[in-house]
Amino acid sequence: MLALIAKLRALGRPLHLDLFCCQGGASKGYEDAGFRVLGVDKFPQPHYIHPEQFVQADAVEFVRRYGHLFDSISASPPCQLYSKTHRIQKNDHPDLIGPTREALEETGLPFVIENVMDAASELRSPRMLCGAMFSLETYRHRLFEPGGGFSFDAPEHPEHVAKTTKMGRPVKPGEYMHVVGNFTGVDKGRDVMEMPWATRDGLREAIPPAYAEYVGVQLGYHIGYALDEWGPNKFEEAA
């Protein structure tokens, strides 16, 4: 493990740890912001965007053991506990936001915890991001709790003008896609989410990379890296 981390560190860019990474929607965004990214998930992720930069491990245990070797960290603990389906079916799901935050705070590094809107009561002063902020054809509201000394402001939230496709139905012209559950149109979902490598499972569990790129640019400025020297920067106003 230390050899892999050292290899990524030697590539010359700040190193970001993406916990509960699934197939790498957030990982792609932090990479687009200029970071080298290592993804960690408890489950095998053969469709992770960069398989050679993935580790199968318990996220909380991993960050406690290796988190201090990174420059910043993001985490997307499973959201099933806060979902509408859980409230209906009463399935048994663990609450991982608290233990994850505790482990992140122990590193002393800047971090972000991402989750669904129904987890608002469990997050501290979260910022909301929406696909309409980034010209994506999905609203997909998600909350981001910054911590470890890091903070950021969300862009202005545009009015929701387009209708959202009803769950399970094909997307009609002019509609925004609802990428949840057993949605219809995986290829369309890949285009809307900007995740061409992902499967249906990966898409419905992910945030669009654009969200993480926006947060990542501001993370980079926070830790003192000149992101505009790494490549194109769509969010120069974050400076």
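Bear in mind that the values here come from a model prediction, so they are computed numbers and not experimental data.
Side-chain atoms of Glu145 and Phe111, non-hydrogen and from C-beta on, do get closer than 4.5 Å to each other. For the pair Phe183/Val171, no side-chain contact is recorded, criterion being any heavy-atom separation below 4.5 Å from C-beta on. Residues Ile5 and Phe70 form a side-chain contact, since some pair of their non-hydrogen atoms from C-beta on lies under 4.5 Å apart.
Gln53 contributes no side-chain N or O that, together with a main-chain N or O of Leu38, makes up a donor-acceptor pair within less than 3.5 Å. Looking only at distances, no side-chain donor or acceptor of Tyr214 sits under 3.5 Å from a matching main-chain atom of Gly29. For Asp71 (side chain) and His16 (main-chain N/O), no donor-acceptor pair under 3.5 Å exists by modelled atom type. Using modelled atom types, one side-chain atom of Arg190 and one backbone atom of Ala198 make a donor-acceptor pair closer than 3.5 Å. Of the possible donor and acceptor atoms, none in the side chain of Tyr66 sits under 3.5 Å from a partner among the backbone N and O of Glu61. A donor-acceptor contact shorter than 3.5 Å links the side chain of Asn115 to the backbone of Pro77. A side-chain donor-acceptor contact under 3.5 Å links Arg140 to the backbone of Ala206. The main-chain N or O of Ser76 is never found under 3.5 Å from a side-chain atom of Glu114 such that the two would form a donor-acceptor pair. Listed for the Asp18 side chain is no donor-acceptor partner under 3.5 Å among the backbone atoms of Gly39. For Arg127 (side chain) and Phe152 (main-chain N/O), a donor-acceptor pair under 3.5 Å exists by modelled atom type.
Considering every non-hydrogen atom in both Gly216 and Phe35, the closest pair reads O-CE1, 3.3 Å. Across every non-hydrogen atom of Ala57 and Val40, the tightest pair is O-CG1, 3.7 Å. The shortest non-hydrogen separation linking Pro209 to Met195 is CD-CG, 3.6 Å.
A distance of 9.5 Å separates CD of Gln23 from CG of Asp41, quoted to the nearest 0.5 Å. Taking CD of Gln56 as the reference point, atom CZ of Phe43 lies at 9.0 Å (rounded to 0.5 Å). In this structure, Ser72 OG and Leu104 CG are separated by 11.0 Å, a value rounded to the nearest 0.5 Å. Taken from CG in Leu129 to CD1 in Ile207, the straight-line distance is 8.0 Å, to the nearest 0.5 Å. Taking SG from Cys21 and CD from Gln45, the interatomic distance works out to 6.0 Å, rounded to the nearest 0.5 Å. We find the OG1-OH distance between Thr164 and Tyr139 to be 5.5 Å, quoted to the nearest 0.5 Å.
In terms of hydrophobic clustering, with Ile, Leu, Val, Met, Phe, Trp and Tyr side chains grouped at heavy-atom distances under 4.5 Å, Leu69 and Val55 are assigned to a common cluster.
The aromatic rings of Phe54 and Tyr48 lie tilted to each other, with the angle between the two planes from 30° to 60°.
Partners of Val192 under the side-chain contact (heavy atoms from CB on, under 4.5 Å) rule, at least two apart in sequence or in another chain, are Glu137, Thr138, Met177, Lys188.
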